[in-house]
Amino acid sequence: MTHVNWAAFETAEPEFAKTVEDRFGGGGAGVSPVKHSTHHTIATIRKDGSPRTSGLEVRFLGGELWLGMMPGSVKALDLRRDARFALQANHGPGTTLGDGDVRISGRAVAVESGAARDAYVKEVEPPQPFHLFRTELTEVVRTYVENDEYLVVEIWTTPGTPVRTLKRT
């Protein structure tokens with residue numbers, strides 16, 4: 001399975017990427033390069049193989065989708081043991097399925113040192129210490145209702161392959 005970072009997804013599917021980023025509170029063009037999100041939900045895999053859901057905030061910065069976590073948090077420990085995750089955007093108050101539901105799946109790669117971590121710390125100024133993960137995407141999905149008639153599911157899985165769109169009544 002191919003894994004790509006946020007910049008590669010954005011290059012492959014710019015309109016879809018903007019829609020997804022906006023649903024995560026990224027804001028799109030003209031917004032500060034540090035794009036703060038609202039509270040979202042991540043699913044990780046526990047040691048026994050069962051799923052765990054937790055809240056977190058995400059950042060879109062420098063062509064990456066970043067996940068920052070408190071030291072020793074169980075979701076960070078889960079990701080250090082098994083990097084697979086699924087991330088779902090918070091619907092927010094007053095939104096409906098017509099506004100769209102977006103999910104991102106992939107792998108979280110721990111970033112413990114180096115220029116990328118230093119740049120993140122400089123821009124975000126997170127409380128220290130903390131766990132930092134950059135994401136490698138395997139799937140991006142948007143589900144919404146069109147014209148109060150169709151359930152539309154847009155699915156991206158592979159660079160070079162267009163977004164698949166499914167419609168159901």
Side-chain angles (χ1 to χ4, degrees), residues 1-45 51-69 75 78-79 83-109 111 116 119-120 123-124 126 131-169:
M1 181 173 282
T2 303
H3 305 318
V4 301
N5 71 357
W6 185 258
F9 170 61
E10 228 173 2
T11 298
E13 295 292 339
E15 288 182 35
F16 191 27
K18 182 182 179 329
T19 298
V20 171
E21 191 172 329
D22 286 349
R23 290 298 291 133
F24 274 99
V31 175
S32 163
V34 178
K35 300 168 183 173
H36 297 274
S37 69
T38 57
H39 201 241
H40 304 292
T41 302
I42 190 168
T44 57
I45 301 170
R52 179 191 320 270
T53 58
S54 308
L56 86 160
E57 291 188 6
V58 301
R59 301 280 193 265
F60 295 88
L61 176 64
E64 301 285 356
L65 170 57
W66 296 97
L67 311 174
M69 300 167 201
K75 62 190 161 212
D78 287 346
L79 290 172
R84 294 175 292 172
F85 74 91
L87 180 65
Q88 181 161 1
N90 181 346
H91 289 249
T95 60
T96 67
L97 191 53
D99 297 319
D101 172 54
V102 294
R103 298 177 303 281
I104 299 171
S105 299
R107 295 178 40 82
V109 179
V111 178
Y120 181 92
E123 288 292 327
V124 178
H131 294 287
L132 181 64
F133 298 87
R134 69 174 180 77
T135 60
E136 295 178 341
L137 312 180
T138 56
E139 181 180 70
V140 180
V141 177
R142 177 180 180 224
T143 305
Y144 62 97
V145 175
E146 184 179 274
N147 300 326
D148 291 327
E149 184 177 349
Y150 300 101
L151 178 67
V152 180
V153 181
E154 297 174 315
I155 306 165
W156 176 88
T157 56
T158 309
T161 303
V163 172
R164 289 181 307 153
T165 302
L166 309 170
K167 283 189 176 184
R168 297 184 180 138
T169 57

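Along the sequence shown, residues carry numbers from 1. Scope of the values below: all heavy atoms of this structure, side chains included, with no hydrogens, waters or symmetry mates.
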Determine whether a donor-acceptor pair (N or O, by modelled atom type, separation under 3.5 Å) exists between the side chain of [X] and the backbone of [Y].
X	Y	value
N5	E136	no
T19	E15	yes
K18	E13	no
T135	L65	yes
H40	F24	yes

Heavy-atom neighbours of E149 CD exceed 12 at 6.0 Å: yes

Stepwise side-chain contact (heavy atoms from CB on, under 4.5 Å) check, R52 with I45: CA-CA 6 Å; R52 179 191 320 270; I45 301 170; over 6 Å; no

Given side chains that start at C-beta, do those of [X] and [Y] come closer than 4.5 Å, heavy atoms only?
X	Y	result
W6	I104	yes
N90	T41	no
I155	L166	yes
V141	V102	no
L87	L56	yes
L79	F85	yes
T143	R103	yes
L67	L132	no

Residue list, side chain to side chain contact (heavy atoms under 4.5 Å, CB included) with A86, at least two apart or on another chain: A43, S105

Trace of the salt bridge (Lys or Arg N to Asp or Glu O under 4.0 Å) decision for K167 with E146: CA-CA 9 Å; K167 283 189 176 184; E146 184 179 274; 2.8 Å; yes

Side-chain donor-acceptor contact under 3.5 Å, D101 with Q88: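 Yes.
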
Where W66 and A116 come nearest, the two heavy atoms and their spacing: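 Shortest heavy-atom contact: CH2-CB, 4.0 Å.
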
Minimum-distance pair of heavy atoms, taken over all atoms of P126 and Y120: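 Nearest heavy atoms, P126 then Y120: CG-CE2, 4.1 Å.
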
Gap separating the CZ atom of F16 from the CD atom of E10, nearest 0.5 angstrom: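 Going from the CZ atom of F16 to the CD atom of E10 covers 13.0 Å.
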
side-chain contact (heavy atoms from CB on, under 4.5 Å) assessment of T157 paired with T138: CA-CA 6 Å; T157 56; T138 56; over 6 Å; no

Results of salt bridge (Lys or Arg N to Asp or Glu O under 4.0 Å) for E64 - residues two or more places apart only: none

Aromatic centroids of W156 and F9 separated by under 6.0 Å: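 Close enough - the centres of the two rings lie under 6.0 Å apart.
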
From CA spacing to verdict: side-chain contact (heavy atoms from CB on, under 4.5 Å), Y150, R168: CA-CA 5 Å; Y150 300 101; R168 297 184 180 138; over 6 Å; no

E57 with R59: basic N within carboxylate O range, under 4.0 Å: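 A salt bridge is present here (some side-chain N lies under 4.0 Å from a carboxylate O).
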
